[in-house]
Amino acid sequence: MTTYVNTIKTKPFDGQKPGTSGLRKKVTVFQQPHYLENFVQSIFDALGGVAGKALVLGGDGRYHNRQAVQVILKMAAASGAAKVIVGQGGILSTPAASCVIRKYQTFGGIILSASHNPGGPDGDFGIKYNIDNGGPAPEKITDAIYACTLSITEYQIADAADHDIDTVGSGELAGMTVEVIDSVADYAELMQELFDFAAIRRWFAAGHRMRFDGLSAVSGPYATHILEGLLGAPAGTVVNGVPLEDFGGHHPDPNPAHATELIDCMNAADAPDFGAASDGDADRNMIVGRNLVVTPSDSLAIIAANATLVPGYARGVAGVARSMPTSCAVDRVAKALGIPCFETPTGWKFFGNLLDAGLATLCGEESYGTGSDHVREKDGVWAVLFWLNLLAATNKSVTQLVEAHWAQFGRNYYSRHDYEGIDTDAANGLMAALREKIKTLIGTTLAGKTVQLADDFAYDDPVDGSHSGKQGVRVVFADGSRVVYRLSGTGTEGATLRVYLERFEADPARHALDTQLALADLIALSHELAGIKQHTGRETPTVVT
Ligand code: G1P
Ligand code: ZN
């Protein structure tokens, strides 16, 4: 068969700069002629071409996923790639894609997702490149991709019919092998290596109940196969388990503000023992007990403190890592275990080197992201299985585990206040003013608290020495409480200001306070310090988690 490669003339688009996690834009932006193609060609060019290489391809099934898969397959073929492994129906959760890249030792992979951003024709779409360790491309690669998007003049695409991506098996597209794989099998196999499935099966068999809310996003097939299939949880344990192109109208972000059905269920009189949810691409997780949402920062700390109860981590934890705005709860666990705790900028890509070098085993972010060295992405279903394994191994409830943890280590009251959709110039102005202000803040007293540290967080990667500056303004007080400010790198409308608030409480008699009340002083201070109202016109946040 003769293969035709079309070379298409194009011009650069503005703003194809990958953010915290790849390029995210409105679907309508991605639907412009050449928009996706320019970015994909820029990925290939930044990598020095993909001729002869194998790639993984899949996404969270959101609107435009299937069309984008076909375009990328044809472009990979035109660029001479040897093989693309694609999830059936174009579906691969982000952690499953990471797992598949590692397992089949491919050159890298392309993941189509806008994570927790809403989907559908009016929603968001996204694309990111992961390298051969299965993790998000580091900044030097994303910067190179961006540079290519600025100078692109043409791209190559095979003139071929759409490939059948719904039938598992090996086929050929314009001289390239396309292997359509079961989206769940490899991932499920890895989970069985890590967790005590027999113990979890007994926990369910003993009558314990759970509710997993897939939010009509990509975790559904994974959770259904593993929980209801392999672990014997009753049918109906997984709700909203079928991925829909518009996520059924759900905001696919597993936090108390968006996963309200699950929260209501877990607060009801007949609540199940355990509740969980995952986001659009299944890398985030929310852990819920009866009347209790476990903060992601606490979840990371509890997982670290109890890791040796889980077979895959029985050997112990080499080190832990958290993003800077994540609470310091895990730092206390690391101290007790005598292991290092790394503080990185926001975004999973900063954990990759630490995991590769064996310096960290467990990582987490306050934004409902938790994971380990089993893949190079955060992993929602993994976190849920970790908690199930802890529940089964200890025969305790979620609340008992959390309260016991606080009693031993103290409680880090924690909350994040988001101001979404604010004017970009106003947001930049606020951050610029704050950066000026912190220069003279150390040693001063604010609302009765002495400022011990005030800086714009910068990170020097201990493995490759790369430097990342301007990663968020933090103001740390002498009593250990903190306020952190940064602008989101994943939003698609205006700017989002994130304000992270944390206060440590050692006294168990004071561990049952309402979080917002416990943080009230800091919240007031955070407004005054940054002049949030003056700069943005906002008096209250859009989302509080
Ligand atoms: C947000 C989270 C961050 C996470 C990222 C991708 O990024 O805050 O922790 O890694 O989504 O899931 P942000 O919008 O804050 O840049
Ligand atoms: Zn996600």
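Note: hydrogens, waters and symmetry copies are ignored here, and every other heavy atom, side chains too, is used. All residue numbers refer to positions in the sequence shown, counting from 1.
- Of all heavy-atom pairs spanning Ser93 and Ala282, the tightest one is CB-CB, 3.7 Å.
- Two residues are said to be in side-chain contact when any heavy atoms from C-beta on lie closer than 4.5 Å; Asp143 and Tyr146 fail this criterion.
- Here the side chain of His511 pairs a donor or acceptor atom with the backbone of Glu505 at under 3.5 angstrom.
- When the salt bridge (Lys or Arg N to Asp or Glu O under 4.0 Å) test is applied to Arg102, no partner is found at least two apart in sequence or on another chain.
- The ring-ring contact (aromatic ring centres under 6.0 Å, His included) test applied to His535 returns no partner, not counting sequence neighbours.
- The two atoms that bring Ser526 and Val483 nearest to each other are CB-CG1, 3.7 Å, heavy atoms only.
- Heavy atoms from other residues, nucleotides or ligands lying under 6.0 Å from CD of Gln516 number more than 12.
- A donor atom on one side chain and an acceptor atom on the other are found under 3.5 Å apart for Ser216 and His250.
- Across all non-hydrogen atoms, the minimal contact from Val384 to Ala276 is CG2-CB, 3.6 Å.
- Counting heavy atoms of neighbouring residues, nucleotides and ligands inside a 6.0 Å radius, atom CD of Glu528 does not exceed 12 of them.
- For the pair Leu525 and Ala447, the tightest heavy-atom approach, listed with the atom from each and the gap, is CD1-CB, 3.8 Å.
- In this structure, the side chain to side chain contact (heavy atoms under 4.5 Å, CB included) partners of Asp479, at least two apart in sequence or on a different chain, are Lys449, Phe477, Ser481.
- Rounding to the nearest 0.5 Å gives a distance of 10.0 Å between CG of Asn38 and CD of Gln32.
- Taking the six-membered ring for Trp and thresholds of 30 and 60 degrees, Phe386 and Tyr313 have ring planes inclined between 30 and 60 degrees apart.
- Formation of a donor-acceptor pair under 3.5 Å by the Ser278 side chain with backbone atoms of Arg284 is found in this model.
- Taking CD1 of Ile127 as the reference point, atom CG of Leu112 lies at 5.5 Å (rounded to 0.5 Å).
- We find the CZ-OG1 distance between Arg24 and Thr490 to be 5.0 Å, quoted to the nearest 0.5 Å.
- Of the possible donor and acceptor atoms, none in the side chain of Thr20 sits under 3.5 Å from a partner among the backbone N and O of Gly347.
- Partners of His64 under the ring-ring contact (aromatic ring centres under 6.0 Å, His included) rule, at least two apart in sequence or in another chain, are Phe125.
- Qualifying salt bridge (Lys or Arg N to Asp or Glu O under 4.0 Å) partners for Arg416, counting only residues two or more places apart in sequence or in other chains: Glu366, Asp418.
- Inter-residue side-chain proximity for Asn65 and Glu245 is flagged as unmet; no heavy-atom pair is nearer than 4.5 Å.
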TODO: Apply side-chain contact (heavy atoms from CB on, under 4.5 Å) to Tyr485 and Val499, showing your working.
DONE: CA-CA 5 Å; Tyr485 303 86; Val499 182; 3.9 Å; yes
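- A donor-acceptor pair is defined here as one N or O able to donate and one able to accept, closer than 3.5 Å; such a pair exists between the side chain of Asp279 and the backbone of Asp283.
- Defined by atom type and a distance below 3.5 Å, a donor-acceptor pair is present between the side-chain atoms of Asn285 and Thr370.
- A distance of 7.5 Å separates CG of Leu487 from CG of Leu430, quoted to the nearest 0.5 Å.
- Summarising the geometry of Asp213 relative to Leu215, their closest heavy-atom pair is OD1-N, 2.8 Å, with the distance given to 0.1 Å.
- Using a distance-only test at 3.5 Å, with no hydrogens or angles considered, a donor-acceptor pair links the side chain of Thr542 to the main chain of Glu420.
- Between the Arg322 side chain and the Asp331 main chain, no donor and acceptor come within less than 3.5 Å of each other.
- The side-chain heavy atoms of Pro325 and Thr346, taken from C-beta on, include a pair separated by under 4.5 Å.
- The backbone N or O of Arg376 sits less than 3.5 Å from a side-chain atom of Ser98, completing a donor-acceptor pair.
- Looking at residues two or more places apart in sequence or on another chain, you find a side chain to side chain contact (heavy atoms under 4.5 Å, CB included) between Ile101 and Val56, Thr106, Asn130.
- Listed by chain and number, the residues in a side chain to side chain contact (heavy atoms under 4.5 Å, CB included) with Asp460 are His467 (sequence neighbours excluded).
- Screening residues 408-431 for ring pair (Phe, Tyr, Trp, His ring centres under 6.0 Å) gives His405-Phe409 as the qualifying pairs, with residues at least two apart or on separate chains.
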Open item on the list: Run Leu47 and Tyr129 through side-chain contact (heavy atoms from CB on, under 4.5 Å) and show every step you take.
Closed with: CA-CA 10 Å; Leu47 298 169; Tyr129 182 72; 3.4 Å; yes
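- Tyr500 pairs by the ring-ring contact (aromatic ring centres under 6.0 Å, His included) definition with nothing, not counting sequence neighbours.
- Using a 4.5 Å heavy-atom threshold, the side chains of Val463 and Asp356 count as separate.
- Counted by atom type alone, Ser468 and Glu139 present one or more donor-acceptor pairs between their side chains at under 3.5 Å.
- To the nearest 0.5 Å, atom CG of residue Asp60 and atom OG of residue Ser219 are 10.5 Å apart.
- Side-chain N or O atoms of Gln16 include one that pairs as donor or acceptor with a backbone N or O of Tyr35 at under 3.5 Å.
- With sequence neighbours left out, Asp379 forms a salt bridge (Lys or Arg N to Asp or Glu O under 4.0 Å) with no residue at all.
- Between Pro121 and Val27 there is no side-chain heavy-atom pair separated by less than 4.5 Å.
- For Glu37, the side chain to side chain contact (heavy atoms under 4.5 Å, CB included) partners two or more places apart in sequence, or in a different chain, are Val71, Met75, Tyr155.
- Side-chain contact between Phe44 and Leu55 is present, with at least one heavy-atom pair separated by less than 4.5 Å.
- Using a cut-off of 4.0 Å between Lys/Arg side-chain N and Asp/Glu carboxylate O, Lys25 and Asp124 are scored as not salt-bridged.
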Open item on the list: Between Lys470 and Arg435, does the side-chain contact (heavy atoms from CB on, under 4.5 Å) criterion hold? Intermediate values first, please.
Closed with: CA-CA 9 Å; Lys470 288 197 160 184; Arg435 289 193 167 102; 4.0 Å; yes
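- Checking side-chain atoms of Ser415 against main-chain N and O of Thr545 turns up a donor-acceptor pair under 3.5 Å.
- In this structure, Ile263 CD1 and Thr260 OG1 are separated by 8.0 Å, a value rounded to the nearest 0.5 Å.
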Task: Stepwise side-chain contact (heavy atoms from CB on, under 4.5 Å) test for Ile111 and Leu92 - done: CA-CA 8 Å; Ile111 302 177; Leu92 278 177; over 6 Å; no
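- In this structure a side-chain-to-backbone donor-acceptor pair under 3.5 Å is missing from Asp281 to Ser113.
- When all heavy atoms are compared, the tightest approach of Arg474 to Met324 is CD-SD, 4.1 Å.
- Relative to the ring axis of Phe504, Arg332 places its NZ or CZ within 45° and under 6.0 Å from the centre.
- Between Glu365 and Arg498, none of the side-chain N atoms (NZ, or NE/NH1/NH2) sits under 4.0 Å from a carboxylate O, so this pair counts as no salt bridge.
- Screening residues 339-374 for ring pair (Phe, Tyr, Trp, His ring centres under 6.0 Å), with sequence neighbours left out, gives Trp348-Phe351, His374-Trp382.
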